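Okay, so here's the structure we're looking at.
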Amino acid sequence: MGAMRLVTWNVNSMKARADRVLEWMVDIEPDVVCFQETKMEQDAFPTMDFAAIGYETAHFGQGRWNGVAIASRVGLDDVVENFAAGVEPDHEARIISATCAGVRVSSVYVPNGRALDDDHYQYKLGWLDRLVEHLEVSASREQPVVVAGDYNIAPTDDDVFNPAEMVGFTHVSDAERDRLAALERWGLVDLFRRRYPDAAGVYSWWDYRNGDFHKGRGLRIDLVLGTEAVAAATTWAIVDRNARKGKQPSDHAPVIAEFEL
DNA sequence: ATGGTAGCATCGCTA
């Protein structure tokens, strides 16, 4: 089916970021984009603005917080909001799935655990357990499947600017990384890490505070996971740090992966 | 230097 250029980007409010996002997409020409943190009601999504540059969109929004969407210029079929039927639905808008040119694509916004002793940490772990259930009931590891989004987990210490200081905090705990391992056991592969096993200091999120971006203090928590067929076909992947620069950026940079199926 | 940013919404929460 040819090359597919797929992006995941936590935009931290589509309302505040739409102009930047649309301009970036015209420049980069992705085939599929998975968005997180649209932070708007379902019907507030700027559908026509995306249509004007050639993209169909599907949005699962809930208002002030969360919200996920998929934009595609290669087809957008069989849209499912929330987890697939058979899995306990989540009370927040954190996953949407669609089929784009034969690839089953999900955009996911994994809960932020806040702290290891916070109820939201248990919510995060349970949510990731349900993501595995979702794959078991709705996807096939033998098919091209991509689950891209803000995982709020740094897979290894190579994905963290200050691993020693992060001990005891969320995003790096064994339990969270065990959940990523469970996704790998199901059949998903971190496309960036597979392609660049030795890359260090590559991050996708930097706190707005303290000048962290300019000091290189970030985490790689935005991941494009794909089944083996996708991973083996991945020709390149990159974090577009340029999109974190300039006026009113999101605190996340987009992650691009291209694969030739 | 014991703070700091950003978005949404409203007198605080979330990240």
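Proteins come first, then strands; the chains are lettered A, B, ... in the order of their sequence lines, and each starts at number 1. Predicted model only: the values in this text are computed from it and were never measured.
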Using whole Å, what does the distance between atom P of nucleotide B:dC13 and atom NE2 of A:His120 come to?
12 Å

State which residues pass ring pair (Phe, Tyr, Trp, His ring centres under 6.0 Å) with A:His91; sequence neighbours excluded, sorted by chain then number.
A:Tyr123

In whole Å, I'd like the distance from the NZ atom of A:Lys124 to the P atom of B:dT14.
16 Å

Would you mind telling me which residue lines up with the more 5' stretch of DNA chain B, A:Gln248 or A:Tyr109, judged by nearest nucleotide?
A:Gln248

Taken to the nearest whole Å, CZ/A:Arg209 to P/B:dG4 is 10 Å

note: A:Trp65, atom CH2; B:dT10, atom C1'; distance rounded to Å ~ 11 Å

In plain terms, say whether A:Arg244 and A:Asp251 are close enough for a salt bridge, that is, a side-chain N and a carboxylate O under 4.0 Å apart.
no

Report yes or no: do A:Tyr55 and A:Met48 belong to one cluster of Ile/Leu/Val/Met/Phe/Trp/Tyr joined by side chain heavy-atom distances under 4.5 Å?
no

Distance test, side-chain N/O of A:Arg114 to OP1/OP2 of B:dT14, below 4.0 Å
yes

Between atom OH in A:Tyr208 and atom P in B:dT14, what is the gap in whole Å?
18 Å

Per-pair distances, 0.1 Å, donor-acceptor, side chain in residues 139-149 of chain A, under 3.5 Å, sequence neighbours excluded:
unit_1   : atom_1 : unit_2   : atom_2 : d
A:Ser140 : OG     : A:Glu142 : N      : 3.0
A:Arg141 : NE     : A:Trp186 : O      : 2.6
A:Arg141 : NH2    : A:Trp186 : O      : 3.1

Please state how far atom CD in A:Gln36 lies from atom P in B:dT14, giving the value in whole angstrom units.
20 Å

Starting from the 5' end of DNA chain B, give me the residue, A:Asn210 or A:Pro249, whose nearest nucleotide shows up first.
A:Asn210

